[in-house]
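Written out below as structure tokens is the structure these notes cover.
Any value given below was found using the heavy atoms of this structure, including those in side chains, with hydrogens, waters and symmetry copies removed. Below, read A as the first sequence line, B as the second, and so on, with proteins coming before strands; counting in each chain starts at 1.
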2 protein chains.
Amino acid sequence: MQGTNHDDLRRRNLSIILRLVHRSGAASRAQLTRLTGLNRSTIGALVAELVERGLVEERTPDPTKLAGRPSPIVAASDRVVALAVNPEIDAITVGVVALSGVVHRRIRFATSSSPTAAEAVAITAGIIDDLRNDLSEYSIIGIGIAVPGLVRAFDGLVRHAPHLGWVDEPLGDLLAAATGLPVVAANDASLGVTAERYFGAGQGMTDLIYLNGGSSGIGGGLVVGGVAAGGRAGYAGEFGHIRVSASGQKDSAGIAGTLEAEVTRDALLEVLGLRASETDADTLERALLASDSAAVHAEVARQLDFLAVALAGAVNVLNPQVIVLGGFLAALHAADPDRLSRAVAALSLGTAFDGVQIAPALLGSNLLLIGAAELAFEALLLDPQLDRGNTFALPALSARVAVSPASHPH
Amino acid sequence: MQGTNHDDLRRRNLSIILRLVHRSGAASRAQLTRLTGLNRSTIGALVAELVERGLVEERTPDPTKLAGRPSPIVAASDRVVALAVNPEIDAITVGVVALSGVVHRRIRFATSSSPTAAEAVAITAGIIDDLRNDLSEYSIIGIGIAVPGLVRAFDGLVRHAPHLGWVDEPLGDLLAAATGLPVVAANDASLGVTAERYFGAGQGMTDLIYLNGGSSGIGGGLVVGGVAAGGRAGYAGEFGHIRVSASGQKDSAGIAGTLEAEVTRDALLEVLGLRASETDADTLERALLASDSAAVHAEVARQLDFLAVALAGAVNVLNPQVIVLGGFLAALHAADPDRLSRAVAALSLGTAFDGVQIAPALLGSNLLLIGAAELAFEALLLDPQLDRGNTFALPALSARVAVSPASHPH
DNA sequence: GTGATACGTTGCCAGAGTCAACAAATCATC
DNA sequence: GATGATTTGTTGACTCTGGCAACGTATCAC
């Protein structure tokens, strides 16, 4: 129970303004006064401090049809960036994401085999070193890592990443030592929620459930009462291992009858006669929608009914506003949305399911980069007065490795 | 995203101090200084304001063995009270609970039949009117109602209380109109969590799950990341309707194979040969522990295994610090704690279950009164500067209806 | 009794947000 | 194109809050 003093007050107000322009996009000063309830002069002073610190920029006002003096637009800076890292079985992706939401660059480093933690650190540090030589005028806040596995929130230790074969790897510490930048790590699915919550299908929601279907299983995360649920040690969100069936079918953790054991991408690919290596999420969805095979419909129905058991349980316990489905679960849902809705309704309390939306994830391939960057930005958003000593050069957008200029909607 | 101004700052700090002494018990000024990080002079001023408002009292310091000037003890007032109301099928209970945690009075009004909402309001208002004639020197903050059913958080509308046969009853509004006091209502199980969280088995926990087994079903609530989960409309916590079995056994809501359908007090009473009307929670627990009947053991094992499915699901999704079991579920757990632990461990991810405690609820018969009072106190705790116009006389403790002086540990 | 220790009290100070008056920039109207 | 209405930024005086340091006070140990 920390008390609040004057410094905290200023910090809080700076934090609120920076969060607003970062999360909800650019806003005029007049809008900020209305949103925060603070005085015009206060907003002026706060924005001036943020400009001074290089965190936001003021643009000339949009031409509006209203009478009155135009209000300058306050926007999060493009020059303040976080580095987002996502190690996978066949590649390591590094993104440069700006506070404004723009994904400046996206570098994919393909690996011939699944990297060890040490290799992943070396490769990532190498990519970042390459970037540094090129960097100027940009301020790097820190590094966020999206790990496909269980990550201890406390210190970023990767407890278990089955897909990569990592156990108890101090990934965060290693990368911090190798780069000298602050590093934060979290489970990829929980970062998916973060991204969808702020910039995707969950915008403005305080209670949402997110389930992501990947090739190796089902993960997810949740936001409860406006707070991202981490749990005791950051392991919350493992929807894949909820029991939904009495069958003996085991999942990757050896538990029988779980969601992940019954609802799989591989089973869908098999009835469709598709190869995993050639099928991305969109292809799968198109194939499911195009198919008129009875076997496909039966498999879709079977999987949807099991998914409904898990979702209904979550609805009863959490009474969310929205359930966001990503990965192949989005495709599965798209194949027969009504069946899923009806099945969840049948298995949950009417009052609790009342008004719950089931929606596909909106952010595509940038999902994890945005989520990981958000993780790295958090420290800055909490305290915009933090001294950030790490500023590196990054001239224009002439990348050395591989450039994917991209952005996500605000 | 509300900004914070000077008034908010003061309010926050007053709120923090009042919460501390209310929730964690009396503390010396010196302790408050350390806990809040605020300056000694600030604490002095804040405590003085709270004393001025009659919310806290300063007592002479405890004799301590330390050198130095003794620090006055700051304690929440006994004279500031909330009225807690709990309508049930055969009685309406009203409690007078002080900010200090003392339950001054407890009045149980037995009804010959299950009361309608209007009757419940009339009876409650009558009891409160009787109290008012007697009241002096006490300040009544408001009324909190613990309703055995679904309550819409928004306005306290009782959507559905199956046990009482109520549907869409504006209980809160009616009682507010009848008494002129502010009224807040919530689901009884979710108030149970509140009580256990602050004063019982969940003290200091930020992630806890609470399941309560009652005669008519299983309800519960959860705290996620330090926030009580209400959900979109306050219906969160319905653990009873989670599916745990493939059987066709239906629960009160008509859903098959749910926790509430498989795990029931009645089934335990039946194998024990006990009558519901004569068996309270303690009796049930003693009978279960004393029994050496194979049928009883089998039924206990069957129910524990189903309970484990629900708990494992919750563990995987929420990664809590503690699972608190109340009502007959506490008795069930006590009958074979190891079996439950092992079964939950087998059905959940090792990392997520690691360190999770399963504990019985600590607060007994005062649970709901304390939870309901806490609900009513919340407005005051949020803003100790709130003008409270409602002060009524209450001379000594000479009750007119039925008095149960009692208190709960702090 | 004396010193050490811990804590409350007091008066002064700095910092943050508020307020009101004024200036500036736009639109609508004549 | 001048005028007024409207909205908003700017400025300086003001208020309130917590911090700080010096001082006073109450206890313990010797």
| field | Distance in angstrom units between B:Leu14 CG and D:dT17 C1', rounded | value | 11 Å

| said: Could you tell me if the side chain of B:Leu380 sits less than 4.5 Å from the side chain of B:Leu55, heavy atoms only? | reply: yes

| message | Can you work out whether A:Thr4 or A:Ser41 has the more 5'-proximal nearest nucleotide on DNA chain D? | response | A:Ser41

| message | Checking B:Asp155 now: which residues fulfil salt bridge (Lys or Arg N to Asp or Glu O under 4.0 Å) with it, not counting sequence neighbours? | response | B:Arg152

| Distance, rounded to the nearest Å, where A:Arg40 contributes CZ and C:dC19 contributes P | 11 Å

| field | Taking every non-hydrogen atom, the tightest pair across A:Val184 and A:Ala376 | value | CG2-CA, 4.1 Å

| With B:Thr4 via side chain to side chain donor-acceptor pair (under 3.5 Å) - residues at least two apart | A:Arg12

| request: Using a cut-off of strictly less than 4.0 Å between a heavy atom of the residue and any atom of DNA chain C, enumerate the qualifying residues of residues 30-39 of chain A by number. | output: A:Leu38, A:Asn39

| said: What's B:Arg10 touching, base or sugar-phosphate or nothing? Going by heavy atoms closer than 4.0 Å. | reply: sugar-phosphate

| task | Return the value, rounded to whole Å, for the distance between atom CD of A:Glu58 and atom P of D:dT8. | result | 15 Å

| task | Report the residues that fulfil salt bridge (Lys or Arg N to Asp or Glu O under 4.0 Å) with B:Glu57, sequence neighbours left out, ordered by chain and then residue number. | result | none

| task | Quickly work out the A:Leu50 CG to C:dA16 C1' distance and round it to whole Å. | result | 15 Å

| query | To the nearest angstrom, how far is A:His6 atom NE2 from D:dT15 atom P? | reply | 15 Å

| message | Can you list everything that forms a salt bridge (Lys or Arg N to Asp or Glu O under 4.0 Å) with B:Asp383? Sequence neighbours excluded, please. | response | B:Arg11

| said: Rounded to whole Å, how long is the line connecting atom CD1 of B:Ile43 with atom C1' of D:dC20? | reply: 15 Å

| query | With respect to the phosphate group of D:dT7, does any side-chain polar atom (N or O) of A:Ser71 fall under 4.0 Å of OP1 or OP2? | reply | no

| note | B:Arg232 meets the salt bridge (Lys or Arg N to Asp or Glu O under 4.0 Å) criterion, sequence neighbours left out, with none

| Which is true for A:Asn13 with a 4.0 Å heavy-atom rule: it touches a base, it touches only sugar-phosphate, or it touches nothing? | sugar-phosphate

| B:Arg29 or A:Leu46, whichever maps to the more 5' nucleotide of DNA chain C | B:Arg29

| query | Can you name the side chain to side chain donor-acceptor pair (under 3.5 Å) partners of A:Gln321, sequence neighbours left out? | reply | A:Thr206

What are the atom names and distances for every N/O pair under 3.5 Å that joins the protein to nucleotides 1-3 of chain D?
none

Between the protein and nucleotides 3-5 of chain C, which nitrogen or oxygen pairs are less than 3.5 angstrom apart?
| unit_1 | atom_1 | unit_2 | atom_2 | d |
| --- | --- | --- | --- | --- |
| C:dT5 | O2 | B:Gly68 | N | 3.1 |

| note | Those residues at least two apart in sequence (or on a different chain) that pass side chain to side chain donor-acceptor pair (under 3.5 Å) with B:Asn39 are B:Ser41

| For B:Asp7 and D:dC16, what is the distance between atoms CG and P respectively, to the nearest whole Å? | 9 Å

| said: From CG of A:Asn5 over to P of D:dC20, roughly how many Å is that when rounded to an integer? | reply: 9 Å

| message | Considering only residues two or more places apart or on different chains, which pairs with a residue in residues 25-38 of chain A satisfy salt bridge (charged side-chain N to carboxylate O under 4.0 Å, His left out)? | response | A:Arg29-A:Glu58

| query | Counting N and O atoms only, with roles assigned by atom type, does the side chain of A:Glu374 sit under 3.5 Å from a partner on the main chain of A:Leu191, one being a donor and the other an acceptor? | reply | no

| note | Taken in chain and number order and not counting sequence neighbours, the residues that satisfy side chain to side chain donor-acceptor pair (under 3.5 Å) with B:Thr36 are none

| said: Students often get this wrong, so: under 4.0 angstrom with heavy atoms, is A:Pro72 touching a base, only sugar-phosphate, or nothing? | reply: sugar-phosphate

